[in-house]
Amino acid sequence: MITAESCAWCGIPQRGHGQRWIVGIGWHGWTAPDKALISLRIRARFRAKGWLPYFCPTSGEVEHPRLGGFTVCCSRPDLHCDPTLVRRP
């Protein structure tokens, strides 16, 4: 399981990592992820659990599923995205 602090190259935790080989990278030891990668991994994990707000382009609103957001706000949940990526006029 990939954790936020897993190897930057392969996602394997530091404990028990040793030397690993990956196509395109080759042999490598455990490499610490930078702050940006840790943040991306944490946000992806929270988003997968439905803990982060999302922007619904159909309703034009930012919703939060755990804080009174719609259970089904539209027929296109595949279009929902991170509200920080949306440019507003």
*asked:* Please find the pair of heavy atoms, one from Cys10 and one from Ile22, that lie closest to each other, and give the distance.
replied: CB-CD1, 3.0 Å
Side-chain atoms of residues 23-30: list all donor-acceptor pairs with protein atoms under 3.5 Å, sequence neighbours left out, distances to 0.1 Å.
unit_1	atom_1	unit_2	atom_2	d
His28	ND1	Arg20	O	3.1
His28	NE2	His17	NE2	3.4

_I want to check something: taking the side chain as every heavy atom from C-beta on, are Ser6 and Gln14 in contact at a cut-off of under 4.5 Å?_
no
_Non-neighbouring partners of Ala8 that pass side-chain contact (heavy atoms from CB on, under 4.5 Å), sequence neighbours left out_ = Thr31, Pro33, Leu37
